[in-house]
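Please read all numbers here as calculations on a predicted model, not as lab measurements. We name chains A, B, ... by the order of the sequence lines, and we start the count at 1 in each one.
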Amino acid sequence: MIYSKNRPKGNPYIIDTIASVTQLMENSTKEVDKISAILNVENLTKIYGREINIGPRRFGRNVVGAQDVTFDIKKGEIFGFLGPNGAGKTTTIRAVLDYLKIQNGKISVFGLPHDLAALSIRERIGYVPGDLALYENFTGNELLEYYSKYRPMNREFMKELRSLFRVDLTLKIGSLSSGNRQQVGLMAALAPKPEFLILDEPISGLDPLMASNFHKLIRKLKQEDGVTVFLCSHDLAEVQAVCDRVGIIKDGKMILVESVESLREKFMQNVRVTFQEVDNMPSEQDFSGIPTIIDVKQIKKRTFTLQIKEDVDILLKFLAKFPVRRISIEDASLEEIFLQYYK
Amino acid sequence: MVTTYLKGIKKNWLIGVIPPAFVVLFIPIIAAIWPELEAQADAFAAILENEIYKVMLGDLAEGMFTSWQGIIIMYIFVWIDFIMIFITIFMPVRLLSSEVDKRTLDVTLSYPIPRWRYLLEKYSVYVTYQILYPILVGSILIVFTEFMGEEIDPGAVFLALSGVTLKFFALGSLTFLCAVIFLKTNRAMAAAAGVVLGSYIGERIGMLVASAVETTTFDIKIFDLQIIQCHFNIGEFVASLSIFHYLTAGNIQRWVTGTWEALFNNLVPELIIVVGTGLAALVLALYIFENRELAY
């Protein structure tokens, strides 16, 4: 019990009890969030290579695969995982699958430790790697049957998949195009109707129609069966179309985790402003002085396009000093936001 | 569930069956030339007195060349030794490294199968095909011997061929361990070749040195009390480090002609060394694969 002048008035025992209960509830909420999360990654750190320093000389080199990566994916959520090449996306996925040993951090899937309960976890996940490779001497049917011996397929759902994916499963995998192989790989991962899908570039090689069908399928799986999806992609249209939240990783560090909607609302807006008089308008340099402006271009004699972050308030106050003929403000596309983070 | 095993058996049947079938083919060929060989057996035995031949053939050069059993065992086991070098370098390594190279391991290991079991099923494919040696070669050899009206000791042949299978197992386990450590084909195969060829050459050179240098005899004494008399020969020591040195057809032929006690005393330690090495390497490979990270 703490007695101080700033202490709220009232029975000190009741106040202390309320404070303790509130604290307990906050902690419980965090714990419940953790438990309800299908995937929970905390401070994941993976460093490749072995750097040895002997005196002033350095042998080998450490390469950061992932550093302090923290995020979670809740049940029934489609989580987009974005980042440039070599950012740490595949490292994170392979660590989640227990293919890589991590130096630091904690990963739990379905509330179970990813390494100790790897087998139980694999009973419930479907995985499509980025550089998908399948047994080329098998036909599509043989491959699906082969994997079904490790984990039985859902025969009813398989019928649905067969009608959705238009690939000839009687042909050898080796004779299929990359897009058709991708379809077989997706079928193999989806066939057991897993609770959690880990998809690394799932639509690479698929034609737009097939990609659209696949997106419809995963949205349907999410809505009807509560399937959770961890979607690693470069295709921003895909992420924008299907994901609930996105995480952006760069240089091994998670730089942002946001819902797609709030990301667009919160982060970048495109402004197009046309002034009335050439003699009474700001220059590009004047715009550059405004801290919320990311980019400015004069596209016509009296017209500028601006990219701004955070609120438009500062810009509007600045523009109020000049006679403005026309102004339009719109949310930036995810691609623009993404490229901004990539720079 | 032996899904991986059955897939491996189906996929590797050609590379598994061809080597023992190749050895089997030698039996009718030698049978066809045996009447001429028999007439020249003495001259042939004299040629094999040459030290270089002895090094090339190992203890097979000390066999009974004047008999059908001696000549057939010499030919067959010399070939099996060469085949063993190639098969043990390539087959166990490729069972795993081809999956790593093609990256098919990523999808397969995302299914609920323990890694150690997956690996054990893979290795069982290799072991299964090596069991073909005593079965195929032994049965065809006995059939041809009957057909020609010659004599052969089935026990000696069976033991010698079983010794071959066990050596295939031990060397295969060692190269499989290389595959598990290095994963990629180029590195794993280089390491496997180092182990197998080093073992083969080490045994041959060791025996050559053993015949050239004198064996040192010394006593180990504590407080002037003689405990044990030791014999040391550097060549024999080097040869004893090689799997090829144990359970050889020539030795087994000699042992079976002696007493049961001598056979037991000679055979059991060598069995323990070969099987123990194989099992230790295999268990280590399974342990490493279960716990290692798959970064490639």
Side-chain angles (χ1 to χ4, degrees), chain A residues 46-49 63 65 90-91 93-103 115 117-138 142-143 145-153 173-174 181 184-189 191-192 194 196-200, chain B residues 1-18 91 94-122 124-125 179-185 187 285-296:
Chain A
K46 171 67 193 171
I47 297 180
Y48 296 101
V63 179
T90 303
T91 296
I93 287 178
R94 291 179 74 84
V96 168
L97 289 164
D98 192 33
Y99 290 171
L100 297 178
K101 302 292 170 196
I102 56 177
Q103 273 86 6
D115 46 356
L119 279 183
S120 314
I121 291 166
R122 283 176 203 156
E123 293 275 2
R124 299 162 70 182
I125 64 162
Y127 170 55
V128 178
D131 45 357
L132 176 70
L134 304 166
Y135 297 115
E136 297 198 345
N137 54 336
F138 277 10
E142 284 170 347
L143 188 89
E145 281 301 323
Y146 173 67
Y147 284 134
S148 76
K149 284 171 188 159
Y150 290 126
R151 194 174 157 203
M153 63 171 86
I173 303 286
R181 284 183 205 199
V184 177
L186 289 169
M187 286 175 90
F196 183 31
L197 281 166
I198 300 175
L199 308 172
D200 194 352
Chain B
M1 198 174 74
V2 283
T3 314
T4 309
Y5 173 73
L6 293 175
K7 175 185 164 282
I9 288 284
K10 194 177 156 194
K11 189 186 167 191
N12 294 288
W13 74 271
L14 205 59
I15 195 172
V17 169
I18 284 178
M91 199 175 170
R94 289 294 293 161
L95 281 170
L96 181 66
S97 67
S98 66
E99 298 249 8
V100 173
D101 293 344
K102 291 175 191 164
R103 304 185 79 93
T104 46
L105 206 58
D106 274 10
V107 175
T108 308
L109 291 183
S110 71
Y111 285 86
I113 178 170
R115 283 191 200 174
W116 67 265
R117 187 173 148 184
Y118 173 79
L119 202 68
L120 189 61
E121 284 189 31
K122 284 250 164 207
S124 305
V125 172
V180 167
I181 292 169
F182 295 102
L183 292 177
K184 290 263 186 191
T185 299
R187 290 184 199 172
L286 298 180
Y287 177 79
I288 290 174
F289 193 64
E290 180 67 26
N291 294 290
R292 72 161 297 159
E293 70 173 10
L294 299 173
Y296 41 78

Checklist line | Most contacts with chain A, counted as non-hydrogen pairs under 4.5 angstrom, among B:K11, B:K102, B:R292, B:R103 | finding: B:R103

Check: What residue in B:V107, B:N291, B:T108 has the most heavy-atom pairs under 4.5 Å with chain A?
Finding: B:T108

Notebook entry, point to check: So which part of A:A189 gets closer than 4.5 Å to some heavy atom of chain B, the side chain, the backbone, both or neither?
Noted result: backbone

Checklist line | Structural part of A:L132 lying under 4.5 Å from a heavy atom of chain B | finding: side chain

Next item on the list: Please indicate whether A:R124 has more than 12 foreign heavy atoms, meaning atoms of other residues, nucleotides or ligands, lying under 6.0 Å from its CZ.
Entry: yes

Check: Can you tell me how far the CD1 atom of A:I125 sits from the OH atom of B:Y111, to the nearest 0.5 Å?
Finding: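 One gets 10.0 Å once the value is rounded to the nearest 0.5 Å.
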
Next item on the list: Working to the nearest 0.5 Å, report the span between NZ of A:K149 and NZ of B:K7.
Entry: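 So the NZ of A:K149 and the NZ of B:K7 are separated by 11.5 Å.
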
Checklist line | Short side-chain donor-acceptor distance under 3.5 Å, A:Y147 and B:T3 | finding: no

Margin query: Looking only at the side chains, is there a donor atom on one of A:Y135 and B:E99 sitting less than 3.5 Å from an acceptor on the other?
Written below: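 Note: A:Y135 and B:E99 side chains meet the donor-acceptor criterion.
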
Contact summary for [X] and [Y], nearest pair of heavy atoms:
X	Y	answer
A:R94	B:L294	NH2-O, 2.6 Å
A:L100	B:A295	CD2-CB, 3.8 Å
A:R122	B:P112	O-CD, 3.7 Å

Check: Most heavy-atom pairs under 4.5 angstrom with chain B, which of A:I198, A:L97, A:D131?
Finding: A:D131

Checklist line | B:L6, part contacting chain A, at a heavy-atom distance under 4.5 Å | finding: neither

Check: Quick one: does A:K46's side chain get under 4.5 Å of B:E293's, heavy atoms only?
Finding: yes

Check: Quick one: does A:Y99's side chain have a donor or acceptor within less than 3.5 Å of a partner on B:D106's backbone?
Finding: yes

